[in-house]
Engineer: 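There's a structure below that I have some questions on.
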Amino acid sequence: MCGFIKDKTPKAVARRKRIVLTSFAILLASVVLLPLGGYLYSGLSAQAAAEEQTNPRANYWRAVRQGNTGYTAVMGQETNTLIQNGGQNWRQWRNGPVANISPWFLALVLLSLGLLFLLRGTMKIEGTLSGRTVTRYNVAERVIHWYVAILFIILTITGLSLLFGRAVLIPILGYSGFSDWANFSILLHNYLGPFFTVGVVLAVIAWIKDNIPTATDWQWFKEGVGGILAKGKHPHAERFNAGEKVFVFWLGLIVLGAIVSITGFMLIGWIGEQMRATMQLVNVIHAVASIVWIGIICGHIYLGLATEGALQGMTRGQVSEEWAKQHHDLWYKQAKKG
Amino acid sequence: MARMKFLCDAERCIECNACVTACKNEHEVPWGVNRRRVVVLNDGVPGEKSISVACMHCTDAPCAAVCPVDCFYTTDDGIVLHDKDLCIGCGYCFYACPFGAPQYPQQSAFGVRGKMDKCTFCAGGPTADNSDAEYAKYGRNRIAEGKLPLCAEMCSTKALLAGDGDLVADIYRQRVIRRGGRPQTWGWETAYQS
Ligand code: HEM
Ligand code: SF4
Ligand code: SF4
């Protein structure tokens, strides 16, 4: 048995070598190539699937579902679109996060301010009043301030009525009562909006020179946020302290002023007639930016009232020297020099 | 109870715009407002299709969800109607509606648009049935007269169907069986979630 293998003639040995080598080569080639056959298979089946996928009818209606347009004899805005999907997304955003999170945000702001009042009370003027005063705001500045402030409050009340009135005011006023109020609100809001923007621009012009950030501002934040959180501290401050500069001026008037005004102008149609998709986005941005701004202004109003002697500056234009030294020492020195 | 629905058969609609005209005439719709329109897709190329579209009277209506004064209501027949005495013309329902149904008679310089107008499925509005006030604000109330929407009644090819959703679906199913091919209940998925 196995005489074949035992055959040791050179011819037989060479033949065996050849057999081993070729089998090895074939084996190697198979190991490399056979798995690649998968590509061939998947390539062919993908081709078949691609042929199946182009069901023209299904594609056709899928395109309609995604808002493609056609021709229509009826004139009007986007009348040539059969279905727009953006509306449902806008509904989810506006009736969802925008309407549900913002009341909590505003409640949190008011709660923190209430807590601050409990902890800190009014921020009194230290020492006795000498009766001497310095001029803090001239007539023009005061007019601009109250013009913007009154419009802001009107726009806040009317704007929030549109967003929350259905949930909050209909139960109180009834359907037709609230409808009358909403009608009045939207008129007031849309007509006064542009006047508010004019006020914002004037306020920026009036106060930008006093709101340029300086090195003192950083120190102000470090020292218990200007002594608002840490009692007894009175870090240096110029005409406006760092908190006023950052929140009221730069974030408020400049950034939010621009966002709210531009989106507002788009909503009232002053920047051309917009597609529905744009209006949906713009409405959400307008509402969110406004609510952030309302939160900031709540803080601004609180500090104006809780800091003894601050309100006089904006009503009569004069503040006591003691107030000025305590809260805006660097500005006081400048003002005294003339 | 019937659940009223519209269905436009894309294999039949020939874009004659008779439904659009019939609606405007029946309801004395204000200038610039069209409660119904016909949209032609792939206009002028093979496979061109026409669809007549108006308010679809959605099940979970987006217009009603966003209206700040909550002036929409759904009748027992599933028809979505609104109260023009409450509407403040804010335009929100137009932003929300998938089918572009809400329309406005005016566009003032400050974004106030006048009372929204849309297809009522010929069912009028909240005022007394077939009163003059109802006709002036919402048009004819054919449903109260026991009739179906005029657009569908007028349709010469019977492409546009209006009525109880089950009957509409039955008629359409028979058509599809007879002519072959797959059904295309256009817009139903969006409007009725079925
Ligand atoms: C800081 C002041 C402002 C506040 C607090 C405010 C707030 C709001 C709020 C909360 C809404 C309701 C959004 C909704 O219902 O989804 C709204 C809507 C609107 N706001 Fe303002 N807004 C302010 C300034 C402006 C300005 C400056 C303009 C115009 C230039 C404007 C124009 C509008 C318009 C047109 C609408 C939508 C109502 C409509 O669709 O007609 N707003 N605003
Ligand atoms: S089609 Fe538009 S207007 Fe009609 S019910 Fe649906 S969302 Fe409202
Ligand atoms: S336009 Fe009228 S019906 Fe439409 S959302 Fe505004 S108030 Fe409601």
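Everything quoted here is computed from the prediction, not taken from an experiment. Every chain is numbered from 1 and lettered A, B, ... according to where its sequence line falls, protein lines coming before strand lines.
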Engineer: Report which part of A:Thr69 has an atom under 4.5 Å of a heavy atom belonging to chain B: side chain, backbone, both, or neither.
Structural biologist: backbone

Engineer: Relative to chain A, which segment of B:Val20 carries a heavy atom at a distance below 4.5 Å: side chain, backbone, both, or neither?
Structural biologist: side chain

Engineer: Parallel, tilted or perpendicular for A:His300 and A:His145, by the 30°/60° rule?
Structural biologist: tilted

Engineer: So does B:Arg3 pair up with B:Asp77, basic N to acidic O under 4.0 Å?
Structural biologist: no

Engineer: Do A:Trp207 and A:Glu141 meet the criterion of a side-chain donor-acceptor pair at a distance under 3.5 Å?
Structural biologist: yes

Engineer: For A:Ile170, is it the side chain, the backbone, both, or neither that has a heavy atom closer than 4.5 Å to a heavy atom of chain B?
Structural biologist: side chain

Engineer: Which answer fits B:Val38, side chain, backbone, both or neither, if we ask what part of it has an atom under 4.5 Å from a heavy atom of chain A?
Structural biologist: backbone

Engineer: Would you check if there is a donor-acceptor pair between the side chains of A:Thr197 and A:Ser261 at a distance under 3.5 Å?
Structural biologist: yes

Engineer: Tell me, for B:Gln103 versus chain A, whether the close heavy atoms (under 4.5 Å) come from the side chain, the backbone, both or neither.
Structural biologist: neither

Engineer: For each of B:Val33, B:Val53, B:Thr190, B:Asn17, tally heavy-atom pairs with chain A at distances under 4.5 Å, and name the one with the top tally.
Structural biologist: B:Thr190

Engineer: Which atoms of B:Ala61 are under 4.5 Å from chain A, going by heavy atoms: the side chain, the backbone, both sets, or neither?
Structural biologist: backbone

Engineer: Heavy-atom distance under 4.5 Å to chain A: side chain of B:Cys67, backbone, both or neither?
Structural biologist: both

Engineer: Where on A:Gln84 is there a heavy atom nearer than 4.5 Å to chain B: the side chain, the backbone, both, or neither?
Structural biologist: both

Engineer: If you tally heavy-atom pairs under 4.5 Å against chain B, which of A:Asn80, A:Thr79, A:Val64 wins?
Structural biologist: A:Thr79

Engineer: Which atom names give the shortest non-hydrogen contact between B:Tyr104 and B:Cys93, and what distance separates them?
Structural biologist: OH-SG, 3.1 Å

Engineer: With a 4.0 Å cut-off on N to O distance, would you call B:Glu134 and B:Arg140 a salt bridge?
Structural biologist: no

Engineer: Relative to chain B, which segment of A:Thr81 carries a heavy atom at a distance below 4.5 Å: side chain, backbone, both, or neither?
Structural biologist: backbone

Engineer: Please classify the contact between A:Asn85 and chain B as side chain, backbone, both or neither, with a heavy-atom cut-off of under 4.5 Å.
Structural biologist: neither

Engineer: Under a 4.5 Å heavy-atom cut-off, does chain B meet the side chain of A:Trp270, its backbone, both or neither?
Structural biologist: side chain

Engineer: Which of these passes side-chain contact (heavy atoms from CB on, under 4.5 Å) with A:Thr156: A:Leu151, A:Ile291, A:Ile294, A:Ile297?
Structural biologist: A:Ile294

Engineer: Might you work through the ring-ring contact (aromatic ring centres under 6.0 Å, His included) test for A:Phe196 and A:Trp293, ending with a clear yes or no?
Structural biologist: CA-CA 14 Å; A:Phe196 171 77; A:Trp293 204 358; 5.6 Å; yes

Engineer: Salt-bridge test for B:Lys137 and B:Asp132: reply yes if a basic N is under 4.0 Å from a carboxylate O, no otherwise.
Structural biologist: no

Engineer: May I ask you to check whether B:Asn141 and B:Asp129 show a side-chain donor-acceptor distance below 3.5 Å?
Structural biologist: yes

Engineer: Quick check on the interface: out of A:Arg65, A:Glu78, A:Met275, who has the most heavy-atom pairs with chain B under 4.5 Å?
Structural biologist: A:Arg65

Engineer: Which bit of B:Asp70 comes within less than 4.5 Å of chain A, counting heavy atoms only: side chain, backbone, both or neither?
Structural biologist: both

